[in-house]
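For reference, the structure is listed below as structure tokens.
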Amino acid sequence: MEKYWPHIRKNWYCFLLSPLFMTLEASGEFILPFMNANIIDRGAASGDIPYILRNGFYMAVIAGAMLACGVLGAFFAIRGSARMAAGVRRDAFARIQTFSFSDIDRFSTGSLITRVTNDITQIQNFAQTLMRGFFRSPVMLVGALIMSFRLNPRIALVILIVLPFLALATFWIIRTASPRYTVMQEQIDALNTGIGETVTNEKVIKSFVREDYEKKKFRALNGALMAKTVSALKMMILMQPVSALAINVTTLIVVWVAGRQIIVGNMEIGALTAFITYLSQVLTALNFLANIFLQGTRAGASHRRIGEVLRCRPDISDENAAHTDHKIRSGRIEFRRVSFRYFKDSPVPVLDDISVTIESGELVGIVGSTGSGKSTLVSMIPRLYDPDAGSVLVDGVDVRELSLFELRESVAAVLQKNTLFSGTIAENLRWGDENAAQRDLERVCKIAQADGFIRSFPQGYETPVGQGGGSLSGGQKQRLCIARALLKQPRILILDDSTSAVDTATDAAIRREFRRQLPDVTKLIIAQRISSVMDADKIIVMEQGRVVACGAHEELIRSCRAYQEIYDSQKEDRI
């Protein structure tokens, strides 16, 4: 309850008034049949019209009050459950924002989407049903039983005989359904993940003409979800015929016993009518309670999945931050014997005992073969990952002792995947500084060599950008992402293969502007092209997770075989 209580307390009146109004409505349920029986047995039997009209008027008033109470009870139930769900969804989303890359990988993106949407919706539906029925049904059940014993104790015993069998059947259904709901929610995770991959990579799918394959894959996922859903929900469906059987058998027994009493004059027609109504109310109340427990079973599976998110302790946090107010000033970076594995039981590390120092304001190139650990190494600086061994220092302080906010505010990274969001070019740029003036946007775009093509658009900086930047070329997206990073005014700038889609002349112009405009910013450039880092102050060469050489271009050409091979292969390509 700790995850729901703050939001329940904030909307306490909904959680109080809804059960109150539903209880008042239920009170009328067992009063009306009794009054109807009196109209039949006393008013109609004796022809007392004033009695019939008077009691009919009272019944109409009670029915009207029940209607108002039912509407108000439903309103507050919907309002309270929706607000509680919105609050829990905010909490879950806020917790996800604290997750590291490894945390997100552990849950998977599709699963997190399901938990924040579908699972919380299940909790909302259960809370709404609980407020509307958990108090109303017992009141109706107890009230109808009391009125039944008041009318005829002997026949009322029939109900007590049937109740245990119905309870046992309900218990068996709930126990069988519970694990199936967990499996069903996990299958929804798989479907969401599959749909997300397909929609995100639609261009790749079309270019390889893989639409039929994707349709086949979706049919498999959708079919699996259908099978798991049917397996889970058929237990809930079974509840309805079991309850109907109990109601019909009990009604048959009551009519048979009551019929004999009517024949001998021990029971009147009106009393039998009321008794059958009370019987229906008792079994309906039981059926509603059973449905609440069944829905609670599904909500319980969702509750556990939401709890896993909310209880997750991110493996990267400010918990050990001893220098929370420290601001990055020089941007000096030092890697001290850093080792790292994505999978902790893997025998081969991604980074293996790396030690290297990058001085403040330096332009540093990082080259190496694919999979050599270049991107992973620079990801350690803003703590997208933490090393398994060793330490990363910025300004002489271990990054694990710095505030995540202050650290990441001072580090701007343009990663391999150039991500733009729906909105205008200006809105995307202001991710770097939401209060940036137009002249600031133009300044950073000139450094990133983006101002020219932006001005070529009819709407300039107000040009709409589709989701993912689909309306822009790869080089244009890269330059916008670089400009967005520069708008942060970082002390450390990381470019992870971020100029691969631009021509060499533009690439050189960007680096030239870096030297002229950002002399005090520490700049790290991961590149596949040697030409992109030839003029760097130093170049780090990596192979199989290790630094094999570090120095200027001319020095590496003479002394580093790995660097020579990369340089020679690219020289041959140019020839």
Side-chain angles (χ1 to χ4, degrees), residues 331-342 348-381 385 387 389-390 392-393 413-416 475 478 482 492-515 518-519 521-575:
R332 183 179 185 273
I333 304 167
E334 183 181 357
F335 294 91
R336 289 184 182 173
R337 309 201 68 177
V338 169
S339 296
F340 176 76
R341 289 174 171 83
Y342 284 110
V348 180
V350 178
L351 300 176
D352 187 11
D353 197 27
I354 289 179
S355 296
V356 67
T357 300
I358 300 168
E359 298 298 338
S360 173
E362 281 189 327
L363 173 61
V364 177
I366 304 176
V367 298
S369 59
T370 301
S372 59
K374 304 183 297 296
S375 298
T376 305
L377 180 68
V378 298
S379 295
M380 300 284 168
I381 299 170
Y385 295 102
V392 181
L393 286 73
V414 183
L415 303 177
Q416 288 175 315
Q478 284 187 336
I482 292 171
I492 299 171
L493 176 64
I494 299 171
L495 302 184
D496 188 352
D497 203 17
S498 302
T499 57
S500 58
V502 303
D503 58 85
T504 54
T506 303
D507 186 11
I510 292 173
R511 296 197 312 277
R512 187 167 55 250
E513 287 298 309
F514 281 175
R515 287 210 179 267
L518 310 171
V521 175
T522 305
K523 301 166 283 290
L524 287 77
I525 301 177
I526 296 176
Q528 299 297 331
R529 297 186 302 215
I530 293 291
S531 61
S532 296
V533 296
M534 285 176 60
D535 59 346
D537 297 310
K538 70 174 65 167
I539 301 171
I540 299 171
V541 185
M542 297 187 66
E543 268 193 355
Q544 297 181 352
R546 300 182 69 90
V547 173
V548 295
C550 181
H553 170 72
E554 296 299 333
E555 178 187 349
L556 294 174
I557 285 292
R558 293 191 304 269
S559 62
C560 179
R561 183 177 181 81
Y563 187 80
Q564 290 171 0
E565 291 176 351
I566 298 172
Y567 178 75
D568 290 340
S569 66
Q570 293 183 8
K571 185 170 63 174
E572 291 172 3
D573 290 341
R574 289 194 296 272
I575 295 173

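A distance-only check finds a donor-acceptor pair linking the side chain of Lys374 to the backbone of Gly368 [under 3.5 Å]. Of the possible polar contacts, none joining the Thr522 side chain to the Glu362 backbone as a donor-acceptor pair under 3.5 Å is found. Although no hydrogens or angles enter the test, the distance criterion places a donor-acceptor pair under 3.5 Å between the side chain of Arg511 and the main chain of Ser532. No donor-acceptor pair closer than 3.5 Å links the side chain of Ser360 to the backbone N or O of Arg332. Judged by distance alone, with hydrogens and angles left aside, the side-chain atoms of Ser498 form a donor-acceptor pair with the main-chain N or O of Asp496 at under 3.5 Å.
To the nearest 0.5 Å, atoms CD1 (Ile366) and CG (Leu524) are separated by 5.0 Å. Here CD1 of Ile333 is found 4.0 Å from CD1 of Ile492. Values are rounded to the nearest 0.5 Å. For the atom pair CD1 of Ile557 and CD1 of Ile530, the computed distance is 7.0 Å after rounding to the nearest 0.5 Å. Expressed to the nearest 0.5 Å, how far CD1 of Ile525 lies from CZ of Phe514 amounts to 6.0 Å. Summarising the geometry, atom OG1 belonging to Thr376 is positioned 8.0 Å from atom CE belonging to Met542; distances are rounded to the nearest 0.5 Å.
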**Prompt:** So Arg529 and Asp507, salt bridge (Lys or Arg N to Asp or Glu O under 4.0 Å) or not? Walk me through it.
**Reply:** CA-CA 10 Å; Arg529 297 186 302 215; Asp507 186 11; 3.0 Å; yes
**Request:** Go through Lys523 and Asp537 one step at a time and tell me if the salt bridge (Lys or Arg N to Asp or Glu O under 4.0 Å) criterion holds.
**Result:** CA-CA 10 Å; Lys523 301 166 283 290; Asp537 297 310; over 6 Å; no
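For Arg561, the CZ atom is loosely surrounded, since the number of other residues' heavy atoms within 6.0 Å does not exceed 12. The neighbour count for Gln544 CD, taken as heavy atoms of other residues, nucleotides or ligands under 6.0 Å away, does not exceed 12.
Paired with Tyr563 under the rule side-chain hydrogen bond (donor to acceptor under 3.5 Å, both in side chains), one option of His553, Glu543, Arg558 passes, and it is His553.
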